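Right, one structure below, let's go through it.
These numbers come from a predicted model, not from an experiment. Computation of the quantities below employed the complete heavy-atom set of this structure, encompassing side-chain atoms and omitting hydrogens, waters and symmetry-equivalent molecules.
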Amino acid sequence: MRLIPRLLLSLLVMLPLAACAATPANAPLVEGKDYERIAKSGPFQPLAGKIEVVEVFGYTCPHCAHFEPQLEAWAAKLPADVRFTPVPAAFGGAWDAWALAYYAADEVGVAKRSHAAVFKALHEDGSLPMQNVSADELATFYTAYGVSADRYKQALRGDAVQKKVAEARAFAQRTQVPGTPAIIINGQYLVRGNSFDDQLRVASKLISEARARGGR
């Protein structure tokens with residue numbers, strides 16, 4: 001009698017694995033399955049001879065937090081002709097608060113060093129609140145990166161940061177980002193895929209294809 005449940009359990013474990021089997025890296029991409037063309041295409045920033053990879057992310061998004069270590073490792077190995085740009089999702093409410101937080105950190109030069117730590121503070125340590133984060137809480141957090149609280153708060157309230165958030169919001173609206181995390185290549189292609197591994201496979205393939213077309 002015990003063999004039947006064990007057999008069923010084995011089948012239940014094996015079926016999802018078979019369904020999610022990795023697609024070969026050299027498999028041709030299929031529009032509508034692996035990626036979507038963006039109707040109102042255009043890069044986030046002028047390409048200037050680069051291939052642009054944008055990740056639209058949200059600090060409070062658990063999927064982004066889970067994806068971050070894998071994405072960071074992938075981005076670190078991108079060739080010199082590829083520019084990786086994190087763009088915070090300014091979808092309103094708490095999203096905007098954390099978009100402001102990211103760009104204020106960028107303004108004072110610590111966004112890259114602190115990026116992973118913000119995810120950890122929100123999703124693991126609970127040392128920063130998901131909702132209604134205050135300027136003082138953010139400023140205190142970023143003092144760990146050598147930024148005075150006053151300097152950070154000044155950046156947070158500055159016109160430069162407001163402008164960057166507005167640009168991030170406009171980009172997300174124009175490209176019709178469905179959620180986070182989202183990867184966009186050259187402002188032309190929204191990566192789909194059925195897993196984080198698959199998304200990176202598709203992104204890598206789209207980068208190669210863009211390079212073959214001279215970066216377009």
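In this structure, the ring of Tyr102 has its center less than 6.0 angstrom from the ring center of His115. Centroid-to-centroid, the aromatic rings of His66 and Phe119 stay 6.0 Å apart or farther.
Closest of all the heavy-atom pairs between Ala105 and Ser114 is CB-OG, 4.3 Å. Looking at every heavy atom in both residues, Ala101 comes nearest to Tyr142 through O-OH, 3.9 Å. Scanning both residues, Thr143 and Ala149, for their nearest heavy atoms gives CG2-N, 3.9 Å. The two residues Ala135 and Arg157 have their closest heavy-atom pair at CB-NH2, 3.9 Å. Taking every heavy atom of both residues into account, Ala99 and Ala90 meet most closely at CB-CB, 4.3 Å. The shortest heavy-atom contact between Cys61 and Trp95 is CB-CH2, 4.4 Å.
With sequence neighbours left out, Ala172 forms a side chain to side chain contact (heavy atoms under 4.5 Å, CB included) with Phe91, Val177. The side chain to side chain contact (heavy atoms under 4.5 Å, CB included) test applied to Glu52 returns Pro43, Phe44, Gln45, Leu47, Val54, Arg83, Asn186, not counting sequence neighbours.
Between Asp34 and Arg192, no side-chain nitrogen of the basic residue sits less than 4.0 Å from a carboxylate oxygen of the acidic one, so the salt-bridge criterion is not met. In summary, Lys50 and Asp81 do not engage in a salt bridge, as defined by a charged side-chain N under 4.0 Å from a carboxylate O. Salt bridge annotation for Asp136-Lys153: present, with a cationic side-chain nitrogen under 4.0 angstrom from a carboxylate oxygen.
Taking hydrophobic clusters as Ile, Leu, Val, Met, Phe, Trp and Tyr residues chained together by side-chain heavy-atom distances below 4.5 Å, Val110 shares a cluster with Val133. Note: the hydrophobic cluster containing Ile183 does not contain Val87 (ILVMFWY, side chain heavy atoms under 4.5 Å, direct or indirect links). Val165 and Tyr152 fall within a single hydrophobic cluster, where Ile, Leu, Val, Met, Phe, Trp and Tyr are joined by side-chain heavy atoms under 4.5 Å apart, directly or via other members. Under the 4.5 Å side-chain heavy-atom criterion for grouping Ile, Leu, Val, Met, Phe, Trp and Tyr, Val118 is connected to Val147 within one hydrophobic cluster. Clustering ILVMFWY residues whenever any of their side-chain heavy atoms sit less than 4.5 angstrom apart, transitively, puts Ile38 in a cluster other than the one holding Val191.
Atom CG of residue Leu122 and atom SG of residue Cys64 lie 11.5 Å apart, to the nearest 0.5 angstrom. Distance check, rounded to the nearest 0.5 Å: CD of Glu209 to CD1 of Ile51 gives 11.0 Å. Rounded to the nearest 0.5 Å, atoms NZ (Lys163) and OH (Tyr103) are 10.5 Å apart. Taken to the nearest 0.5 Å, the CD atom of Glu167 stands 12.0 Å off from the CD atom of Gln162. Remark: Ile207 CD1 to Ile185 CD1 distance equals 5.0 Å, nearest 0.5 Å. Put simply, CD on Glu31 and OH on Tyr189 are 8.0 Å apart, with the number rounded to the nearest 0.5 Å.
Looking at Trp74 and Ser204, their side chains do bring a donor and an acceptor atom within 3.5 Å of each other.
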### Task
Decide side chain to side chain contact (heavy atoms under 4.5 Å, CB included) for Met130 and Thr60; before the verdict, give the C-alpha distance in whole Å, the side-chain angles of both, and the deciding distance to 0.1 Å.
CA-CA 6 Å; Met130 291 281 186; Thr60 59; 3.7 Å; yes

Go through Leu206 and Tyr35 one step at a time and tell me if the side chain to side chain contact (heavy atoms under 4.5 Å, CB included) criterion holds. CA-CA 9 Å; Leu206 288 170; Tyr35 68 91; 4.1 Å; yes

Please determine whether side-chain hydrogen bond (donor to acceptor under 3.5 Å, both in side chains) holds for the pair Thr140 and Glu137, giving the CA-CA distance in whole Å, both sets of side-chain angles, and the decisive distance to 0.1 Å. CA-CA 5 Å; Thr140 299; Glu137 286 171 316; over 6 Å; no

Notebook entry, point to check: Step by step, would you call Arg169 with Asp96 a side chain to side chain contact (heavy atoms under 4.5 Å, CB included)?
Noted result: CA-CA 9 Å; Arg169 180 182 299 110; Asp96 282 12; 2.7 Å; yes

Verify side chain to side chain contact (heavy atoms under 4.5 Å, CB included) between Val53 and Thr85, making sure each step is shown before the conclusion. CA-CA 6 Å; Val53 178; Thr85 305; over 6 Å; no

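The 12-atom threshold is exceeded at CG of Asp125, counting heavy atoms of other residues, nucleotides or ligands nearer than 6.0 Å. Other residues, nucleotides and ligands contribute only 12 or fewer heavy atoms inside 6.0 Å of the CD atom of Gln154. Gln70 CD: more than 12 foreign heavy atoms inside a 6.0 Å radius.
Inter-residue side-chain proximity for Arg211 and Pro79 is flagged as met; some heavy-atom pair is nearer than 4.5 Å. Contact of the Lys205 side chain with the Val202 side chain is not registered, since no non-hydrogen atoms from C-beta on lie closer than 4.5 Å. Using a 4.5 Å heavy-atom cutoff, the side chains of Ile184 and Glu55 are not in contact. In this structure, the side chains of Thr175 and Leu190 stay at 4.5 Å or more apart for every pair of heavy atoms.
Using cut-offs of 30° and 60° on the angle between ring planes, the pair Phe57 and Tyr59 is perpendicular.
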